[in-house]
Amino acid sequence: MIRPVPFRGGGFRPKRIRGVGALVFVCLILFAEWGTRAGWISNLTLPRPSDVARTLFDLAASGLLWTHLSLSLARLGIGAFLGAGAGIVVGLMIGLSSVMRSGLIPLVAALFPIPKIALLPLFVIWFGIDETSKYALIAFGTFTPTVVSTYGAVDNVDRSLIRMAQSFGISTKSIIRKIVLPGAMPGILSGLRVSLAIAIILLTAAEMIGAEYGVGAYILEAGSLYDLERLFAGVTILSMLGVALSICLSLIEARVLGWRV
Amino acid sequence: MDLRIDALTHRYGETEVLNDINLDIPDGQIVCIVGPSGCGKSTLLRFIGGLERPTSGQVLQLSEPNPDSLNPFTFVFQDFALLPWRSAANNVRLVLEDHGLEKKEIDKIVSDVLARTKLSDFADALPKNLSGGMKQRVAIARALAVRPAVWLMDEPLSALDAQTRELLMDDLIGLWTRQPFTAVYVTHNLSEAVRLGHKIVVLSRRPGQIRKVIDIEIPIEQRQAGDPELTRIEKQLWHLMKNEAVAADQELLK
Ligand SMILES: Nc1ncnc2c1ncn2[C@@H]1O[C@H](COP(=O)(O)OP(=O)(O)O)[C@@H](O)[C@H]1O
Ligand SMILES: [Mg+2]
């Protein structure tokens, strides 16, 4: 019998399929809407998505959304910038210098597992009750994962490129700037994804420190009143923030890492 | 530039990799080094290029390199070692940027060496869009740009297919005939060695020792594939290497 040989290849090659991600969200939301309307999901289990949407809309209309969001974004931005920036610098130093490596890796390993939220009172004592302690908490939380991913990224830079550069007599400064940094960029950027997600998580914690406004403060207040609609409205804002940051990073990756095969 | 390798011996920990190597590398000649894999060819090249220090013995410069050479000892690697985030032209530029040259001067050198390696049309292409042969030509252009006194080539054609290898060999011969250069050329391909080498050095299996040095009198530009004299030398080389290769293979099994 004549027939084509059976095909056994394909797969294991992630492709981006447009729209599927959005479809998953839409389906889940529709499902929740249906369940809460039909009554087999009680109002105490899950608020109706349309009610959450209305709450969000009212919040935006009252102008309070921008107050909360702008304060939160400033905290997130400043805290994450300081933490990730310092993390990249320290990560590079660990990656490039044996002394730094021996000296700092144990310290980072000791700092990493500390639940930063537990240090909240300490931060208040050190930095006061105002914004500084919030920046510090977010910065501290993003610092350690950024350090670890950055020195991992430096370790993964192709050694043969460095050997090549040395054989051409290229200065150490140039090697760092032109080979180590760009070579470590993929790892640094994917590390930033994790760090920024952690920063959003810590934002809520930071806003537990006597914050009147901010998305985290809004969620905490709703939570303590068991106001599920507002709670979910706040959580939705945080999720959208996460998605927006992830899209930003993807755009940066597409621009900066176009050389990847 | 004339070089002399003087009683060079090297150990990595317990294992002796090279044993008492003595060799003269005359100016303007291509010295091919052949030997079974693991016999220390790449290691020897790193000593010549000053990237590592031997346990004992030394590599001597018998004359000064031409003062206009920017990087007297210049490597061409088997894996090309191009920066994937830089275009062909910028990969060449990389090795010129640290020498305090003016931008105009750099641009002139870059376009000159890209033209000599027939890459002018691919100046802006990233390595991922270049074939293996073109990548190695970029690496050769990069080496040309620093005007080496000695070329240190570590199996530069081994990662390429047979046809590309032939073409690149012709390119290398063309470059050499237009402007003779000094080179140490490591290969495990005997036909490459007899096409390119003025002198062929056969190393024994580890610890690498010089088993034989063969001089080929036929001028490089007159060597044809299938030349009876070259075929004879290639056979002789294979005869010398065969037992070494078999023995080296057996040793790896242990
Ligand atoms: N940095 C190193 N440390 C320890 N052993 C090495 C190192 N580099 C090479 N060797 C060993 O030295 C021997 C010769 O290596 P190499 O010069 O790469 O061989 P070749 O290029 O002839 O195949 C091999 O057995 C290899 O395992
Ligand atoms: Mg080798």
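Lettering of chains follows the sequences in order, A, B, ..., and the numbering in each one begins at 1. Every heavy atom of this structure was used, including side-chain atoms; hydrogens, water molecules and symmetry mates were not.
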Just wondering, more than 12 heavy atoms not from A:F127 lying within 6.0 Å of its CZ?
yes
Interchain contact, B:L94 with chain A, by part (heavy-atom threshold 4.5 Å)
both
Are there over 12 heavy-atom neighbours, none belonging to B:Q179, within less than 6.0 Å of that residue's CD?
no
For B:I210, side-chain contact (heavy atoms from CB on, under 4.5 Å) partners two or more places apart:
B:I21, B:L23, B:V201, B:L203, B:V213
Whatever's closer than 4.5 Å to a heavy atom in chain A on B:V95 counts as both
Within a radius of less than 6.0 Å around CZ of A:F25, do more than 12 heavy atoms belonging to other residues, nucleotides or ligands occur?
no
Not counting sequence neighbours, which residues clear side-chain contact (heavy atoms from CB on, under 4.5 Å) with B:A145? List them please.
B:V92, B:L96, B:I109, B:V113
In this structure, CZ of B:R142 is separated from CE of A:M164 (nearest 0.5 Å) by 4.5 Å
More than 12 foreign heavy atoms under 6.0 Å from NZ of B:K108: is that the case here?
no
For the residue pair A:K178 and B:L83, what are the closest heavy atoms and their distance?
O-CD1, 3.9 Å
Has A:M100 got more than 12 heavy atoms of other residues, nucleotides or ligands less than 6.0 Å from its CE?
no
Which residues from residues 62-77 of chain B are near chain A, with near meaning under 4.5 Å between non-hydrogen atoms?
B:N71, B:F73, B:T74, B:F75, B:F77
Write down the atom of B:D98, the atom of A:S174, and the distance for their closest heavy-atom approach.
OD1-OG, 2.8 Å
For A:R177, is the CZ atom crowded, meaning more than 12 foreign heavy atoms sit under 6.0 Å from it?
no
Taking non-hydrogen atoms and a cut-off under 4.5 angstrom, which of residues 150-161 of chain A neighbour chain B?
A:S160, A:L161
